[in-house]
Amino acid sequence: MDAVAHNRKALRSFTFTLLSDGASDRALIPALEWLLREHLVSDFQSQWADLRWRHPPLRGLADRIEAALTLYPCDLLFIHRDGEGEPRERRVREIRESLPGSSAVTAVCVVPVRMQEAWLLFDEAAIRRAADNPQGRMPLKIPALERLEELPDPKKVLWSLLAEASGLRPGRLRRFSPAPRIHRVAELIRDFSPLRRLPAFQLLEDDLKTVLAERDGL
């Protein structure tokens, strides 16, 4: 066993927390878990920082980060902000400036170009299964992978694909709710490696590798 493998084997189990823009964004967790399995030979636990019950609601990002670290203690904090057309560098700067001064905080920025649903639009089988119609044969207009970061409204595209994949007639389709199925799509994807062709996902993986290497002392 080489030195890198030995050090990674020696890592203790740890916990990561995802602090996201909204509740639907906890669908990012399967992708983050996949990345950790790709780069870390160790057990880990994941948790989503649910701050919806806080009254009054937390407004600023700095307050939300502080609450997440207090209520959901962890070894690694993923902080998600949708790009929504803003340059990634601006979102990363907003996150970094909101972190507490303590050097004990290990954080990784998660910044999809538009919104996190774009990272779920590449797996047709997962979309069909999440729509409860895995054997459906109706054609789905899955966007080309290279275009995912250019879509102005990935959530709308995913909702439309789920509705189409369901194969339901118009009467029943009115009662079809795509929102909770977004999490199911994420859970059903087993391989997120195609996303490595997207710059935003590449940067996330690079940042995570840097953090893990520093943690390992490599």
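We number each residue from 1, following the sequence as shown. Every value quoted in this text rests on a predicted model; they were computed, and no experiment measured them.
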Path from Val185 to Met115 over hydrophobic side-chain contacts below 4.5 Å: no
Close side-chain approach of Leu51 and Leu19, heavy atoms under 4.5 Å: yes
Contact summary for Cys109 and Leu204, nearest pair of heavy atoms: O-CD1, 3.6 Å
Same apolar cluster (I L V M F W Y, side chains within < 4.5 Å links), Ile95/Leu203: no
Separation of Glu33 CD from Glu38 CD (nearest 0.5 Å): 13.0 Å
Min side-chain heavy-atom separation His80-Leu18 under 4.5 Å: yes
Over all atoms of both residues, closest heavy-atom pair of Ala118 and Pro154: N-CB, 3.5 Å
Mutual orientation of the aromatic rings belonging to Phe16 and Phe78 [parallel < 30°, tilted 30-60°, perpendicular > 60°]: perpendicular
Same apolar cluster: Leu188 and Leu120, side chain cutoff 4.5 Å: no
Donor-acceptor contact present, side-chain Ser160 to main-chain Val157, <3.5 Å: no
Stepwise side-chain contact (heavy atoms from CB on, under 4.5 Å) check, Glu149 with Arg197: CA-CA 11 Å; Glu149 293 187 343; Arg197 293 159 62 184; over 6 Å; no
Asp123 side chain vs Ile189 backbone, donor-acceptor pair below 3.5 Å: no
Steps toward side-chain contact (heavy atoms from CB on, under 4.5 Å) verdict (Val110, Trp119): CA-CA 12 Å; Val110 185; Trp119 288 355; 4.0 Å; yes
Asp207 vs Arg88, salt bridge (charged side-chain N to carboxylate O under 4.0 Å, His left out): CA-CA, chis, key distance, verdict: CA-CA 13 Å; Asp207 289 349; Arg88 181 183 186 274; 3.1 Å; yes
From CA spacing to verdict: side-chain contact (heavy atoms from CB on, under 4.5 Å), Leu151, Leu121: CA-CA 11 Å; Leu151 298 174; Leu121 284 168; 3.6 Å; yes
Gap between atom CG of Leu140 and atom CD of Glu124 - 0.5 Å precision: 5.0 Å
By side chain to side chain donor-acceptor pair (under 3.5 Å) - contacts of Glu94 (at least two apart): Arg81, Arg91
Any side-chain heavy-atom pair of Ile127 and Leu162 under 4.5 Å: yes
Summary of salt bridge (charged side-chain N to carboxylate O under 4.0 Å, His left out) pairs that have at least one residue in residues 132-144, sequence neighbours excluded: Asp132-Arg181
Test item: Ile182 and Gln116 side chains (from C-beta on) under 4.5 Å apart, heavy atoms: yes
Flag, side chain of Arg129 to backbone of Ala126, donor-acceptor distance under 3.5 Å: no
Asp191: side chain to side chain donor-acceptor pair (under 3.5 Å) partners, not counting sequence neighbours: Ser193
Residues forming a side chain to side chain donor-acceptor pair (under 3.5 Å) with Glu205, sequence neighbours excluded: His39, Arg196
Residue pairs fulfilling salt bridge (charged side-chain N to carboxylate O under 4.0 Å, His left out) with at least one residue in residues 60-69, sequence neighbours excluded: none
Side chains of Trp48 and Tyr72 in contact at under 4.5 Å (non-hydrogen atoms): no
Val113 and Leu148, any side-chain heavy atoms less than 4.5 Å apart: no
Check: Thr106 and Asp75 side chains under 4.5 Å, non-hydrogen atoms: no
Residues Gln47, Thr17; criterion side-chain contact (heavy atoms from CB on, under 4.5 Å); working and verdict: CA-CA 5 Å; Gln47 53 189 0; Thr17 296; 2.8 Å; yes
Inter-residue atom distance Leu77.CG - Thr15.OG1, 0.5 Å rounding: 12.0 Å
Salt bridge (charged side-chain N to carboxylate O under 4.0 Å, His left out) involving Arg184 - partner list, sequence neighbours excluded: Glu187
Value rounded to 0.5 Å, distance of CH2 in Trp53 from CG in Asp50: 9.0 Å
Straight-line distance of Ile65 CD1 to Leu99 CG, nearest 0.5 Å: 4.5 Å
Separation of Leu212 CG from Phe14 CZ (nearest 0.5 Å): 6.0 Å
Heavy-atom closest contact (Pro30 atom, Ala186 atom, distance): CB-O, 3.4 Å
Leu32 side chain near Ser46 side chain, heavy-atom distance below 4.5 Å: no
Steps toward side-chain hydrogen bond (donor to acceptor under 3.5 Å, both in side chains) verdict (Glu214, Thr210): CA-CA 6 Å; Glu214 291 174 349; Thr210 298; over 6 Å; no
Atom of Ala165, atom of Arg128 and distance for their closest heavy-atom approach: CB-CA, 4.1 Å
